[in-house]
There are 2 protein chains.
Amino acid sequence: MATYAVSNAQKLAPADNTFCDLPPAVADAVEQLALTTTYPTGVVLFAEGQAPRGVFIVRRGRVKLSICGSDGRTLILRLVEAGCPLGVAAVVSGRQYEATAETQEPSEISFLRHSDLLRLMRLHGELALWVTQHISQDYASTCREIRDLILSDSASEKLARLLVGWLDQNTKSKNPSQVKLALTHEEIGQMIGSSRETVSRLFAGFKKQRLIQQSGSTLVIPNRVALESLITA
Amino acid sequence: MATYAVSNAQKLAPADNTFCDLPPAVADAVEQLALTTTYPTGVVLFAEGQAPRGVFIVRRGRVKLSICGSDGRTLILRLVEAGCPLGVAAVVSGRQYEATAETQEPSEISFLRHSDLLRLMRLHGELALWVTQHISQDYASTCREIRDLILSDSASEKLARLLVGWLDQNTKSKNPSQVKLALTHEEIGQMIGSSRETVSRLFAGFKKQRLIQQSGSTLVIPNRVALESLITA
DNA sequence: AGCGATGTGTGATCTCCATCACCAGTCTGC
DNA sequence: GCAGACTGGTGATGGAGATCACACATCGCT
């Protein structure tokens, strides 16, 4: 239950910015108007450039938020997990969606119409604040993303940062040095702005340097510090 | 902190352009609590990573908003002109400033303390909305920035995009195909994520191709379409 | 004048990574 | 079982641009 901003070291997991930290009355009001649906993998909730119809709130599952360049290449901005809203900035600003949202696994997602959100925000100051804070977080994580992707030359640095970031999400899990690898090399490349082949080679190199071990879809990072030492490079 | 009286910019002093979209009562309330100062060039209003003290609102002049990579390289996110607030996202989210703000020319800037902003936002829903919309815009522009910088390979494409963007800001001016060049090559490089030398070479190339002409600090773009044709490339 | 500081122009290298190419697993559905 | 799609490994090649290294303008300054 965290928005995680891709490829940066200090990943701020927004404390409890779920739906549930809203006053019950407000949460109920939202619940009344929201339409909750279960989607399979690969459904596009909204696409970059579309006029905003409303906001989506991830209840379960995971959504990939990406932008697309003129040449067709894709960059994954971040993976959005349960508890986080999607498309809020577009709705409040009235501009087009800034990115494309696509389910990355079967997901349960609530939808709240444009007009309903704005009306509720006007009624409930807490909701307006909640919205504003989420947008601020998205803004901050996007700024970090920019810094990490543009201001660090080497692809290995970016990959190391991504892995360390994944580790940070696991601190409370039973095995904090393991990461379940839910992305293909292609997608990882899209997260760090590199090609599939480069990711493959980097992983090979990391393994050779004993920075990571892989068994099936589980990555083990035995020495986090060593990985971090690649980052400041 | 010294206050300067500078003869530079009284030509365009849009007295209250700033809060024009706020109801007068709200604008007055802000005005009451804001502290307006004139700064010389090169003053850092706030730095990336600092705890937010409050928001700054540019009344006159121009402010450079940048982030800094671990290796010391700098990326200029955008230049903020009169009428725009700075640091709002950090204040409402309570996190650190996401970027560094530095005056790029002598500027008149209002400051509103953290607590005052939040109090006023609670009092005046319109202000809260204004704030939220500005953050949304910043978010959108940062997303565009990411796309333009990461998903377009060539540096020439990025430079062309930057120049076309500058042209767009001039549509209402008397000479819409001219741009006053207020940045050094180094700074332009920091806007498009390239080195100073590359910018210099690109300009030379553009001149050779008759895409731009330069006389002093004025750039003339005789054929905007030709420049745009570099972009989709 | 003469001096630094700062911005610019341009050659010569050098490096990282995108890209092309091809092969080998693995998983699907039929 | 097999065909086809998707994924992952890895070599070879090329190119865009960072970087280094100069030279040359401007400035403002004392």
Side-chain angles (χ1 to χ4, degrees), chain A residues 7 40-42 64 69-76 104-105 149-162 180-209 212-219 230-231 233, chain B residues 40-42 64 69-76 104-105 148-162 180-209 212-219 230-231 233:
Chain A
S7 103
T41 302
K64 184 166 72 177
S70 45
D71 57 353
R73 273 166 63 210
T74 297
L75 184 82
I76 300 179
Q104 220 238 339
E105 53 187 63
L149 290 186
I150 302 185
L151 293 176
S152 62
D153 267 326
S154 71
S156 65
E157 188 175 337
K158 295 180 206 168
L159 182 58
R161 210 191 306 272
L162 183 66
K180 223 187 94 231
L181 199 49
L183 298 178
T184 67
H185 286 186
E186 173 98 41
E187 288 171 313
I188 294 175
Q190 290 172 347
M191 295 198 77
I192 65 174
S194 307
S195 70
R196 188 217 109 213
E197 294 94 326
T198 298
V199 173
S200 186
R201 279 184 252 265
L202 285 174
F203 268 126
F206 283 5
K207 281 172 196 161
K208 191 163 292 172
Q209 295 175 258
I212 61 172
Q213 294 152 25
Q214 185 170 7
S215 54
S217 71
T218 306
L219 272 191
L230 290 182
I231 294 182
Chain B
T41 302
K64 182 165 75 178
S70 46
D71 56 352
R73 273 166 63 210
T74 296
L75 184 80
I76 300 178
Q104 220 237 338
E105 52 186 65
D148 294 343
L149 290 187
I150 302 184
L151 293 177
S152 64
D153 267 326
S154 70
S156 64
E157 189 175 337
K158 296 179 206 167
L159 182 58
R161 210 190 306 273
L162 183 67
K180 224 187 94 232
L181 199 49
L183 298 178
T184 68
H185 287 185
E186 173 97 42
E187 287 171 314
I188 294 174
Q190 290 171 347
M191 295 201 77
I192 65 175
S194 307
S195 70
R196 188 220 109 211
E197 293 94 327
T198 297
V199 173
S200 187
R201 279 185 253 265
L202 285 175
F203 268 128
F206 282 6
K207 280 173 195 160
K208 191 164 291 174
Q209 296 176 257
I212 60 173
Q213 295 152 26
Q214 186 170 7
S215 54
S217 70
T218 307
L219 272 191
L230 289 182
I231 295 183

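We name chains A, B, ... by the order of the sequence lines, and we start the count at 1 in each one. Worth saying up front: this structure is predicted, and the values here are computed from it rather than measured. What you see below is based on every heavy atom in this structure, not just the backbone, and it leaves out hydrogens, waters and symmetry mates.
Along DNA chain C, the nucleotide nearest A:Arg196 and the nucleotide nearest A:Ala155 are compared for position; the residue whose nucleotide lies closer to the 5' end is A:Ala155. Between B:Glu197 and B:Leu202, it is B:Leu202 whose nearest contact on DNA chain D lies nearer the 5' terminus.
Between the P atom of C:dA18 and the CG atom of A:Leu75 lies a distance of 13 Å, rounded to the nearest Å. Atom CG in B:Leu183 sits about 13 Å away from atom C1' in C:dG7, given to the nearest Å. Rounded to whole Å, the distance from CD1 on B:Ile188 to C1' on D:dG17 is 17 Å. What separates CD of B:Gln190 from P of D:dG17 is a distance of 18 Å, to the nearest Å. The CZ-C1' distance, from B:Phe206 to C:dG9, rounds to 17 Å in whole Å. Here D:dA18 presents its C1' atom at 14 Å from CG of A:Leu151, a figure rounded to the nearest Å. Rounded to a whole Å, the CD1 atom of A:Ile150 is 18 Å from the C1' atom of C:dC16. Atom C1' of nucleotide D:dA25 and atom CD of B:Gln214 are separated by 14 Å, given to the nearest angstrom.
One cannot find a donor-acceptor pair under 3.5 Å joining the base of C:dT19 and the side-chain atoms of A:Arg73. Put simply, the side chain of B:Arg201 and the base of C:dG11 share a donor and an acceptor less than 3.5 Å apart.
The side chain of B:Ser154 sits closest to D:dG17 out of C:dA12, C:dT19, D:dG17. You'll find that the side chain of A:Thr198 is closest to C:dC17, out of C:dT8, C:dC17, D:dG8. Nearest nucleotide to the side chain of B:Lys207, out of D:dA12, C:dG9, D:dC20: C:dG9. With D:dG8, C:dT8, D:dA18 as the candidates, the nucleotide lying closest to the side chain of A:His185 is D:dG8.
Enclosure of atom NZ in A:Lys180 is not indicated, since only 12 or fewer non-hydrogen atoms of other residues, nucleotides or ligands lie within 6.0 angstrom.
When atom types are taken as modelled, the side chain of B:Ser152 and the backbone of B:Asp148 share a donor-acceptor pair closer than 3.5 angstrom.
Atom CD1 in B:Ile192 sits 7.0 Å away from atom CG in B:Leu162 (nearest 0.5 Å). The distance from atom CD1 of A:Ile150 to atom CG of B:Leu75, rounded to the nearest 0.5 Å, is 5.0 Å. Atoms OG1 and CD, from A:Thr184 and A:Glu187 in turn, are 4.0 Å apart once rounded to the nearest 0.5 Å.
Contacts of A:Ser195 with the nucleic acid, taken as non-hydrogen atoms under 4.0 Å apart, include base atoms. Note on B:Ser200: a base of the nucleic acid sits closer than 4.0 angstrom, heavy atoms only. Residue A:Gly193 is classed as a sugar-phosphate contact, given heavy-atom separations below 4.0 Å to backbone atoms only.
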